[in-house]
There are 2 protein chains.
Amino acid sequence: MFSQTVEYALRAVVHLADRSPAPQTTDQIAAATLVPKAYLSKVIQGLCRAKIVQSKRGVGGGVALVKSPSELTILDVVNAVEPIARIRHCPLGLKTHGVRLCPLHRRMDNALASVEDAFRQTTLAEVLAEPTQSHPLCEQRTKTKTR
Amino acid sequence: MFSQTVEYALRAVVHLADRSPAPQTTDQIAAATLVPKAYLSKVIQGLCRAKIVQSKRGVGGGVALVKSPSELTILDVVNAVEPIARIRHCPLGLKTHGVRLCPLHRRMDNALASVEDAFRQTTLAEVLAEPTQSHPLCEQRTKTKTR
DNA sequence: GGATAATCGGATACACATATCCACTTTCCA
DNA sequence: TGGAAAGTGGATATGTGTATCCGATTATCC
């Protein structure tokens, strides 16, 4: 239900948050997130245009978050690359009623709203801070001290 | 976020439920739901294989629901044409931990679960029974008595 | 200022979702 | 028994998401 692009964008941003505020090169992000490098660069370009990250060319350059992980929600990232398509008017396009949705589409939109809400309520900092055995992104880099 | 196919399938099934238990021809369904007729027939074939509807050829034939609207949930229909892809293991494929999801994917899966739950809790009968000015599918066929 | 490191943007390839068309089969009924 | 109504399945087109490649551009360091 979530596109590959959204998945990749989230992985990249979570990795950047994990290393924040140090910039990471596309190569580094690709290696850590297991995202195809060439495609990742396109996804990052999108995040760049949406002002989620900023990039810097040349030696020592790379990509870094614009805001701090505690100020950035999952929804911010998702909306940047592929906004959740809420149903705002009848998909059949009939004008027999204005903005009012029929019961079917009302329920579909409610489901979309619940996803939006869940994503809006979680910051990247929270994702990283969560106590768990599995580090975000499931990298090998496990915390050996806890086990 | 929901594919066209899912949208079309739901429209078709809601229309069938609305006319239940009378069978409807593909032409009739297409006209009522504003779904491209040729594509709709493919979608219906899928619903047929999933035993959501049954079809009958020849004069007087058509498509009808297998179960009654009160026994059929939105989730049943969605799962028939394009099951909600829950995240059951780490998308990165690493085996550093078993079935445990990292915080990021845990949250994404929770969002999917909330959609699944919402769809599981609604039967087609409920969609049709809901008191509203706008009839399901937003058809012209409005209830003129309420306004 | 030249070598190197890095992103940017265009061109292209490929797979899959969406959509259309048509010949074929089944079923009913006159 | 023949014709009309209706779904079935295959072939094909089209669009979009995913993915790759590479030359151009920018920035840093020596």
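Here is the naming used below: chain letters follow the sequence lines, and residue numbers restart at 1 for every chain.
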Residue closer to the 5' end of DNA chain C, Lys37(B) versus Gly60(B) (nearest nucleotide):
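Of the two residues, Lys37(B) wins.
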Given the rule in the side chain to side chain contact (heavy atoms under 4.5 Å, CB included) test, do Ile29(A) and Val35(A) qualify, once you have shown the distances and angles that lead to the verdict?
CA-CA 8 Å; Ile29(A) 302 172; Val35(A) 174; over 6 Å; no
Take the protein atom [atom1] of [X] and the nucleotide atom [atom2] of [N], then report the distance between them rounded to whole Å.
{"X": "Leu47(A)", "N": "dT7(C)", "atom1": "CG", "atom2": "P", "result": "13 Å"}
{"X": "Gln24(B)", "N": "dA6(D)", "atom1": "CD", "atom2": "C1'", "result": "14 Å"}
{"X": "Met1(A)", "N": "dA17(C)", "atom1": "CE", "atom2": "P", "result": "16 Å"}
{"X": "Glu82(B)", "N": "dA17(C)", "atom1": "CD", "atom2": "C1'", "result": "9 Å"}
{"X": "Glu7(B)", "N": "dT18(C)", "atom1": "CD", "atom2": "P", "result": "11 Å"}
{"X": "Arg11(B)", "N": "dT18(C)", "atom1": "CZ", "atom2": "C1'", "result": "14 Å"}
{"X": "Ile44(B)", "N": "dA6(D)", "atom1": "CD1", "atom2": "C1'", "result": "12 Å"}
{"X": "Asp27(A)", "N": "dC8(C)", "atom1": "CG", "atom2": "P", "result": "13 Å"}

Are [X] and [N] close enough that a side-chain N or O sits under 4.0 Å from OP1 or OP2?
{"X": "Thr26(A)", "N": "dT7(C)", "result": "yes"}
{"X": "Tyr39(A)", "N": "dT20(D)", "result": "no"}
{"X": "Gln45(B)", "N": "dG7(D)", "result": "no"}
{"X": "Lys56(B)", "N": "dA5(D)", "result": "no"}
{"X": "Thr25(B)", "N": "dA5(D)", "result": "no"}

Nearest listed nucleotide, side chain of [X], among [options]:
{"X": "Val59(A)", "options": "dT20(C), dA4(D), dT4(C)", "result": "dT4(C)"}
{"X": "Tyr8(A)", "options": "dT26(C), dA19(D), dT26(D)", "result": "dA19(D)"}
{"X": "Gln4(A)", "options": "dT20(C), dT8(D), dA19(D)", "result": "dA19(D)"}

Work out which heavy atom in Val66(A) is nearest to a heavy atom in Gln54(A); give both atom names and the distance.
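Minimum heavy-atom contact is CG2-N, 3.7 Å.
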The test is side-chain hydrogen bond (donor to acceptor under 3.5 Å, both in side chains); show your working for Thr73(A) and Asp76(A) and say whether it passes.
CA-CA 5 Å; Thr73(A) 70; Asp76(A) 291 330; 3.2 Å; yes
Categorize Lys42(A) for me: base, sugar-phosphate, or nothing, with a 4.0 angstrom heavy-atom threshold over every strand shown.
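Contact class for Lys42(A): base.
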Any base atoms under 4.0 Å from Ser41(A), or only sugar-phosphate, or nothing? Heavy atoms, all strands.
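Since no nucleic acid heavy atom lies under 4.0 Å of Ser41(A), the category is nothing.
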Let me see the working for Glu82(A) and Ser3(A) under side-chain hydrogen bond (donor to acceptor under 3.5 Å, both in side chains), right down to the final yes or no.
CA-CA 8 Å; Glu82(A) 190 183 293; Ser3(A) 72; 2.9 Å; yes
Do the ring planes of Phe119(A) and Phe2(A) sit parallel (below 30°), tilted (30 to 60°) or perpendicular (above 60°)?
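Phe119(A) and Phe2(A): tilted rings.
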Taking donor-acceptor contacts at under 3.5 Å, does the side chain of Arg57(B) reach the base of dT26(C)?
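Side chain to base: no pair present.
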